[in-house]
Amino acid sequence: MTRGGLAAKVQDARLWSRLMALAAIGGTAKGGVCRLALTAEDGAARVRLADWATARGFTVSEDAIGNIYVRREGTDPTLPPVMTGSHLDTQPTGGKFDGVYGVLAGFEVLEALEDAGVQTRRAIEVVGWMNEEGARFQPGCMGSGVFAGAMPLEAMRAVADKTGATVGASIDALPTVGATRDFGFPVHAYVEAHIEQGPRLEAAGDTIGIVTGIQGARWFAVEITGSEAHAGTTPRAQRKDALMAALDGIQALRAVMTDPDDQVRFTVGRMEVGPGSPNTVPGRVFFTIDFRHPDAATVQRLGDVVAPTLRAAAGPCGISITETFTGPPVAFDPLVIEAVTDATKALGYKHHALPSGANHDAKFLARVCPTGMIFIPCLGGVSHNEAESATPEDCAAGARVLAETLLALAQ
Ligand code: GLV
Ligand code: MN
Ligand code: MN
């Protein structure tokens, strides 16, 4: 097939209608999506994808950590497949594109191949990685982390959400969508398409971002234990106020985590205060820290400051700090970067190279095979927000670049 021939088979309207169909599963009143990992909504999205796949003659399988695979066979089934995909789960106030776009852009490529009657030498598999977001179960990128051998299966299956429901039990409760499959099989190359989730492509007026790598991230879960006491009678010297200790620690960290060139990312995204009564001094506080930076040495150095700073601020309270995610910066493979660049140039899209500020499953796949990513713009760079928005044209453009990239890698 000539260069661009497969891209021409990508159907904008078909991809868009699938995006909107999945956006309705867990759709919110404000136009976003709440489809937390391993909920009934996540299960329904998996069933819908599997139905579409089997209707087109593709094979669906799933593994013990809840990853779902859609395979279009190659002429040599013994060769490691080329893989693409992303995730079906969303943030609690998520949008219509984060994750699901990469899965459906990959699925559109399989359909385009089918419509064109093209045989590839290697199979191409579209994967939906389980719990990329880390919103319900921490850490995120759990499916890809286990697949790549970076996270132990049993420990991840034992992780519980706020209500005590475990990953393992929640996976077992999902509707079955395909045959069971071992994870960790050899992969020839992995390419993930995603919205940029930042403002750079839009600002440059470019359609395609050729992603060079992903910045480093470290997550922490912090529990501070004070002592419940009467709010009206207990003098300051007698208080063990877990919330005040948490606020002092976070404030001290905020000073450390603020840099002049605004590269450090420091977020406390979840906090629970117990017992949660207006007139009882808080005896327990739980909160999370998400810290990121592009430079490996800084990720190490500033991440190592978190525990001592919080301990120093805890005063009379007890404190326990657990690092729940450690992801050093990753540089993508020149082979995949070149394949994406060639495809983008051949199709004539305006583009530039850029690193990813967000985490992606590609970070873990990069440990086991040549890996790269394709970004498309999103409105105002807004993501992890119900207002997240991308155009049908840009979604199709990313799928066209993905199509030509996967075709080149699968021959
Ligand atoms: C994924 O959504 C991330 O945490 O960057
Ligand atoms: Mn994502
Ligand atoms: Mn996300």
Side-chain angles (χ1 to χ4, degrees), residues 19 22-23 26 28 32-37 42 45 67 84-106 126-145 151 190-201 209 211 213-221 263-270 288-294 299 303 323-330 354-366 371-378 381-390 395 398 402:
L19 281 163
L22 285 198
T28 63
V33 182
C34 176
R35 194 167 56 233
L36 297 178
D42 192 14
N67 298 318
T84 186
S86 194
H87 56 100
L88 295 172
D89 67 316
T90 74
Q91 290 287 319
T93 52
K96 298 187 186 81
F97 302 93
D98 176 3
V100 63
Y101 168 65
V103 177
L104 292 180
V126 177
V127 57
W129 301 110
M130 195 281 293
N131 182 34
E132 188 274 348
E133 293 289 6
R136 179 180 176 200
F137 301 104
Q138 292 79 48
C141 295
M142 205 179 255
S144 52
M151 298 177 193
Y190 177 72
V191 191
E192 179 167 348
H194 207 283
I195 56 166
E196 181 201 345
Q197 306 182 277
R200 292 168 65 165
L201 288 175
V211 188
I214 301 181
Q215 71 173 337
R218 292 173 73 176
W219 284 17
F220 301 86
Q263 294 233 67
V264 174
R265 300 284 172 262
F266 173 71
T267 306
V268 175
R270 182 173 154 203
T288 57
I289 291 173
D290 175 320
F291 154 61
R292 309 189 196 198
H293 197 278
V299 171
E323 186 158 351
T324 55
F325 180 85
T326 312
V330 162
L354 78 176
S356 173
N359 260 339
H360 299 287
D361 296 299
K363 192 177 225 179
F364 285 97
L365 269 291
T371 292
M373 291 188 73
I374 299 163
F375 278 171
I376 59 163
C378 59
V382 171
S383 186
H384 285 196
N385 186 305
E386 289 162 286
E388 189 180 84
S389 175
C395 288
L402 182 66

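Indexing begins at 1, ligand by ligand and atom by atom, following the structure's order.
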Could you pull out the N/O contacts under 3.5 angstrom between ligand 1 and the surrounding protein atoms?
| unit_1 | atom_1 | unit_2 | atom_2 | d |
| --- | --- | --- | --- | --- |
| ligand 1 | 2 (O) | E133 | OE1 | 2.9 |
| ligand 1 | 2 (O) | H384 | NE2 | 3.0 |
| ligand 1 | 4 (O) | R292 | NH2 | 2.7 |
| ligand 1 | 5 (O) | R292 | NH1 | 2.8 |
| ligand 1 | 5 (O) | R292 | NH2 | 3.3 |
| ligand 1 | 5 (O) | N359 | N | 2.7 |

Distance (rounded to the nearest 0.5 Å) between [X] [atom1] and [Y] [atom2]:
{"X": "T84", "Y": "Y190", "atom1": "OG1", "atom2": "OH", "result": "6.0 Å"}
{"X": "S144", "Y": "M151", "atom1": "OG", "atom2": "CE", "result": "6.5 Å"}
{"X": "T324", "Y": "R218", "atom1": "OG1", "atom2": "CZ", "result": "11.0 Å"}
{"X": "Q138", "Y": "N131", "atom1": "CD", "atom2": "CG", "result": "8.0 Å"}
{"X": "H87", "Y": "M142", "atom1": "NE2", "atom2": "CE", "result": "14.0 Å"}
{"X": "S86", "Y": "Y101", "atom1": "OG", "atom2": "OH", "result": "10.5 Å"}

Inset, instruction - Would you name the N/O/S atom of H87 that lies closest to the Mn ion (ligand 2)? - result: NE2

Legend entry - Name of the D98 atom (N/O/S only) found closest to the Mn ion (ligand 2): OD1

Legend entry - Heteroatom N/O/S of H194 within less than 2.8 Å of the Mn ion (ligand 2): yes

Inset, instruction - Sequence neighbours left out, what pairs pass salt bridge (Lys or Arg N to Asp or Glu O under 4.0 Å) with at least one residue falling in residues 87-104? - result: none

Inset, instruction - Have a look at the Mn ion (ligand 3) and estimate, to 10 degrees, the angle subtended by NE2 (H384) and OE2 (E133). - result: 120°

Inset, instruction - Compare all side-chain heavy atoms of L354 with those of E196 and state whether any distance is below 4.5 angstrom. - result: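 Yes. Closest side-chain heavy atoms under 4.5 Å.
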
